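Owing to the predicted nature of the structure, the values given are computational and were not obtained by experimental measurement.
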Amino acid sequence: MKYTVMINEGPYQHQSADTALQFVRAALAKGHEIYRVFFYHDGVNNGTCLSVPPSDDRQIQKEWSELAKEHELDLVICIAAAQRRGIMDESEAKRQGMDAHNIADGFRISGLGQLIEGGIQADRTIVFGD
Amino acid sequence: MKYTVMINEGPYQHQSADTALQFVRAALAKGHEIYRVFFYHDGVNNGTCLSVPPSDDRQIQKEWSELAKEHELDLVICIAAAQRRGIMDESEAKRQGMDAHNIADGFRISGLGQLIEGGIQADRTIVFGD
Amino acid sequence: MAMLHIVNKSPFERVAFESCLGHASEGDSILMIEDATVGAVDGTVFSDLLKAAMADKAVYVLGGDLAARGMSEDRIIDGIKVVDYAGFVDLTADNEKTQSWL
Amino acid sequence: MAMLHIVNKSPFERVAFESCLGHASEGDSILMIEDATVGAVDGTVFSDLLKAAMADKAVYVLGGDLAARGMSEDRIIDGIKVVDYAGFVDLTADNEKTQSWL
Amino acid sequence: MAIKKFMYVNRKAPYGTVYALESLEVVLIAAAFDQDVSLAFLDDGVYQIAKGQDTTGIGQKNFSATYRALGDYDINKIFVEQESLDARGMTADDLMPLVYEDEDDDWAEKPSISIVSRTEMAAIMAKQDVTFSF
Amino acid sequence: MAIKKFMYVNRKAPYGTVYALESLEVVLIAAAFDQDVSLAFLDDGVYQIAKGQDTTGIGQKNFSATYRALGDYDINKIFVEQESLDARGMTADDLMPLVYEDEDDDWAEKPSISIVSRTEMAAIMAKQDVTFSF
């Protein structure tokens, strides 16, 4: 079965960011396909590379990056939501004249159309939020 | 009157970040002293310099930086909460071996003791959150 | 030693406002801000509870938040006072302490 | 065309769970995750409402979330099935569509 | 590929959180995809389409006018729950008059909003393929 | 400077949001400041000190043992609301046995938790100088 997953909350503040990660892992373990993971609202904060949680805590952002690498996941961060919240890739940083960017490995920034297209293509669309 | 203000939510997702800013402005306009503004939980995300909201929208992070400059505000971001969420100043970035930092002008990163000390020193402590 | 209780949650959505009413003491003040402002409107499933609390507590609503949600001041319960951010600040100064109901 | 309703809010804190029950159709399934799992416990102010919904809907609870909040499985309402994340995935596959109550 | 039924479920008040605004941004994009789009407003979501919204006092942009533009994007299936209005002391008169021009009826202007009971809303929800909640 | 009364009000369940954990982190720091510290657990906050918490299934750290350490930090005024327990089908037996050693009574071990009515909780809240809510 082909899934699109939408994540609306950032890491640590709301468990929905954890649950989504666990759900995606479990779906992959069962042989399902994750067509796309779309990060919206504060969910875009899952894609920062500057997070350094305590070493005995889970590393949500890194786990997404690793999972993406292992399973070639398409992790899409909404550009409009990301701009409001300060998540930026290298090309956007250049365009904005910023000297830093903070997007983690395995994530890409794109538009809301990717969410709708994901909903059209997938057999199931699941929303995780607050 | 001397105030300490605590902000527990990030910009844009929850209005409490806006309300806190408006409250601090109004208190300053009335001649009160803002002893400290302490950013905790997702509130630390108010201190990113990478935010680029639409030009017709409010610029919450920049407004804090400007207000801090104008009134010499002490804007303190909790270090533990910031590390989880990926808000980092230059020295912490160096210490962590990161090549980027994203703290906005006028904010400093420090410990939770600053919140308690703020509560002790101020005549009033006001919490803004979700 | 009066306390200002600050509520920012809709009474139709969360239990915070009701919990606030259950814990505010006689002579305390209650200020509705953000989504809580819709609780000031009369004729809702919540208004009787708020009116009962007004017997021995002062109730305020932040006007800008009420207007943003399309609710005009002539709809609110008689006796609720409308304040702006400056009035919000005054309430925190006039009461000895505050408690936020998040 | 059965639907899986996913609820993650405590029924004691927010109206989302009650709203879910009011909108789920006969033959639908309801899965409690995160803070909603405390709603599975029997003998609460919410349990009668949930039992009534179980007359024509299947109800599930995510076991890991229930345990995290200190509630053991022997306290939950008879007939609620405990699942893990794999079971969560199965429920989304077995139902034609899902709706999250946020 | 067959057209899918997409529903956008709005249950939260505007301005207190960003969900209303960013939900609307999704809906506007969705209009370009030629799918079957419905919007549901229930619980505190009914405040999103309340008329007379005035944000001058809070420093946020008033985005309520955008709902009026939905008809131009062929988004005209807007369901509002009666019970949610009742609980909040509101009636249909408190909502913005959202309309669209019906191309099958000589572009006559028609209301986009249907006030439905909770039971009817449940039946509408049951018919969707993809449900986005905010 | 006079000692102030600080109260930490906990109204949310643990793990579903970070508030419980990060509130506890504040309380541990607060212990170093020689102020008068009280903790209130009401509404869903009572789950924070429920016994038997087991987080192995959700990948989060179980921080409930830290509450047991509060007594060692001289934090022993912990108020739990009876009505909140009742509504959730819980009793005092469902809570972790939080204790402290009373230095004024030959270090006798005493319970830190007081179960109070809503009316009593209101009276306790009214006596605080600074109230932190999470």
Problem - OH/E:Tyr73: more than 12 non-hydrogen atoms of other groups inside 6.0 Å - result: no
Practice task
Pick one of side chain, backbone, both or neither for D:Ala16, based on which atoms fall under 4.5 Å of a heavy atom in chain E.
Solution key: both
Atom pairs, donor to acceptor, chain E/chain D, distance under 3.5 Å:
from     : atom 1 : to       : atom 2 : distance (Å)
E:Arg11  : NH1    : D:Leu102 : O      : 2.6
E:Asp43  : OD2    : D:Ser19  : OG     : 2.7
E:Glu81  : OE1    : D:His23  : NE2    : 2.5
E:Ala126 : O      : D:Lys97  : NZ     : 2.7
E:Gln128 : O      : D:Lys97  : NZ     : 2.5
E:Ser133 : OG     : D:Ser100 : O      : 2.6

Completion exercise
Bottom line for E:Val130: the part with an atom under 4.5 Å from chain D's heavy atoms is neither
Problem - Within 6.0 Å of CG in E:Asp105, more than 12 heavy atoms from elsewhere - result: yes
Problem - Interface moiety of E:Leu42 toward chain D, non-hydrogen atoms closer than 4.5 Å - result: side chain
